[in-house]
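Right, one structure below, let's go through it.
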Amino acid sequence: MGGHDPKDRMKLLRTREALLAWRAGLPAGTSVAFVPTMGYLHEGHLSLLREGRRRAGATGQLVLSIFVNPTQFGPGEDLDRYPRDEAGDLAKAASCGVDVAFCPTDGAALYPNGTRTWVEVEGLDRHLCGASRPGHFRGVCTVVAKLWGLVQPSVGLFGEKDYQQLAILRRMHADLNLVGELLGQPIVREPDGLAMSSRNTNLKGTARQEALAISRYLAAVRERFAAGERDSAALLADPSQALAPGRVDYASLVDADELQPVASVAGPVLVAVAAFFGGVRLIDNTLLRP
Ligand code: PAF
């Protein structure tokens, strides 16, 4: 290896066995930061990698996984359309100082001989994305638990755009006594306000511009809150109209910990939105603290 190109220093591992062997070879006490992704890396992912690099320090290891996890996609969802660009991702990863990229070539690498064990966090998946994507969080928790067990990180980093995912994973991490720390990081936005997402690349024609309705809607909710409004229905107002021509999946106001709908704001709440633009399902959110 050696060389001056960071890509020459980054290890590319394809199998569980290779990852386990690499992990077992690390000196005890090595700090390991881990960023699990489904690839098609954007600035949001890169901000997680940069923070991971900072936390791992000069002597620690930064691990990225790229795996489009089939078990978190329901029938008819966009598994086949999910964007992929491994070569581009690896170049970006190297520029962020990734030491190890774990990129299994197929599902069997993480689900050998089928799988009979599933991880499910009860209750927190009842609303928001859990209501419209049954089984989604079971797939997310299962794959993250598998990856966590292989990487055994000191810290794992996740974006707050997927706030419900983060809340559920935090609970799984605590309930299963997983090693290390699980950290959320702020949403990264395009200059015009659209939350960064790998799916944004599938927004064609006018859909990209129309999708700005989401961040504008969340800003309007924040303005009503800043003006003193505390009633949930009044804060949410008329999402279908505000997000048109997007098709609203949900626009909800829930308490920030248990993710249960609240009638009015007394403690920290999450305003979460999912809507389709040009057939692409996007999510975004904002926290309100009285
Ligand atoms: O947020 C994602 O990209 C995925 O849900 C994750 C956490 C990598 C699990 O597949």
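When a ligand or atom number is given, it counts from 1 through the structure's own listing order. Worth saying up front: this structure is predicted, and the values here are computed from it rather than measured.
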Seminar exercise, completed: Applied to residues 103-141, the ring pair (Phe, Tyr, Trp, His ring centres under 6.0 Å) test, sequence neighbours excluded, yields none
Exercise. Are the side chain of Q185 and the backbone of E160 linked by a donor-acceptor contact shorter than 3.5 Å?
Worked result: no
Seminar exercise, completed: Scanning both residues in full, the closest heavy-atom pair of L235 with L253 reads CD1-CD1, 3.9 Å
Exercise. Given that the side chain starts at C-beta and the backbone is N, CA, C, O, which of these parts of L169 lies under 4.0 Å from ligand 1, counting heavy atoms, or is it both or neither?
Worked result: neither
Seminar exercise, completed: Here the atoms of ligand 1 under 4.0 Å from any heavy atom belonging to P36 are 8 (C)
Problem set entry | Element-labelled atoms of ligand 1 that are located less than 4.0 Å from some non-hydrogen atom of V143 | 9 (C), 10 (O)
Exercise. Any N/O of Q165 closer than 3.5 Å to an N/O of ligand 1?
Worked result: yes
For this session: Compare every heavy atom of Y217 with every heavy atom of L243, then report the nearest pair and how far apart it is.
Result: CD2-CB, 3.9 Å
Problem set entry | Of all pairs that satisfy salt bridge (charged side-chain N to carboxylate O under 4.0 Å, His left out), the ones with a partner from residues 87-115, not counting sequence neighbours | R53-D99
For this session: Looking only at distances, please establish whether an N/O atom of ligand 1 is found under 3.5 Å from an N/O atom of Q72.
Result: yes
